[in-house]
Amino acid sequence: SSSPKTHDEL
Amino acid sequence: MNFFRLTADLMHLLSIFVLLLKIQKTRSCSGISFKTQLLYAVVFVTRYLDLLKWISLYNTLMKIFFIASSIYILYLMKIKFRATYDPSQDTFRIEFLLGACLLLALVFNYTFTFIEVLWTFSIYLEAVAILPQLFMLSRTGEAETITTHYLFALGAYRGLYLLNWIWRFYTEHHIDWIVWVAGAIQTALYSDFFYIYYKKVLHGQKFELP
């Protein structure tokens with residue numbers, strides 16, 4: 001699962 | 001990337017193009033809240049401080065577009081079509097929004113670093129950035145049809161992000177509660193507008209508040 005800290009959404 | 005997120009981002013792009021079209025076609029920014037546009041510029045600049053961090057070409061190009069277009073809109077409103085902007089209609093106090101969002105970002109964040117607090121601030125600020133525009137709309141009681149299309153595209157972008165998060169939760173176990181809470185509030189702010197847009201504009205009538 002991806003970490004929310006990567007902030008890959010715009 | 002999934003269908004909901006891509007469509008959401010494209011709706012966001014579309015909303016900006018509709019706003020630019022409205023300003024250029026009517027050669028006027030009447031009915032548009034400068035304060036909301038200023039808040040969006042602040043949102044993009046504070047969120048995309050990680051512009052040089054590589055995620056994808058799509059991500060980088062979109063970030064550059066959102067920063068550049070938001071500043072260009074400020075230029076159009078404040079310099080090129082300044083005479084058509086009526087500050088007496090745009091009276092929402094954004095100082096409170098900025099202060100409250102900064103305070104919330106300092107308290108509720110994932111990591112207490114400069115970049116991360118500003119990212120969180122931008123998420124909270126985006127949730128409420130439309131308020132000066134909606135306030136202006138409720139004061140004047142009516143809006144040009146193209147302005148309502150702009151607001152609809154902007155609201156649809158937020159609504160589609162909700163579906164994207166549900167999708168990502170089930171397919172990737174992706175969890176991001178800061179963005180979820182702010183996004184849910186942001187979408188809820190559009191509910192009255194959506195209702196009137198559906199009842200009036202989609203039936204060929206002028207947007208007027210009941």
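In what follows, every heavy atom counts, from backbone to side chain, and hydrogens, waters and symmetry copies are set aside. So that the names make sense, note that chain A is the first sequence line, chain B the second, and so on, each numbered from 1. Fair warning: this is a prediction, and the values are worked out from it, not measured in the lab.
For Arg139(B), the CZ atom sits in a packed shell: over 12 heavy atoms of surrounding residues, nucleotides or ligands are nearer than 6.0 Å.
Close approach to chain A, defined as a heavy atom under 4.5 Å from one of its heavy atoms, is seen in Arg5(B), Asp9(B) of residues 1-40 of chain B, taken by number.
Of the charged side-chain nitrogens involved, none lies within less than 4.0 Å of a carboxylate oxygen, so that Asp8(A) and Lys53(B) do not count as a salt-bridged pair.
Looking at Tyr48(B), its side chain does come within 3.5 Å of a backbone N or O of Leu10(A) through a donor-acceptor pair.
Here CD of Glu9(A) is found 6.5 Å from CG of Asp176(B). Values are rounded to the nearest 0.5 Å. Within the model, atoms CD1 of Ile123(B) and NE2 of His7(A) stand 7.5 Å from one another, a figure rounded to the nearest 0.5 Å.
With a threshold of 4.5 angstrom between heavy atoms, Tyr58(B) approaches chain A through side-chain atoms but not through N, CA, C or O. With a 4.5 angstrom heavy-atom cutoff, Trp180(B) does not touch chain A via any of its atoms.
In terms of the side chain to side chain donor-acceptor pair (under 3.5 Å) criterion, residue partners of Ser122(B) (sequence neighbours excluded) are, by chain and number, Arg47(B).
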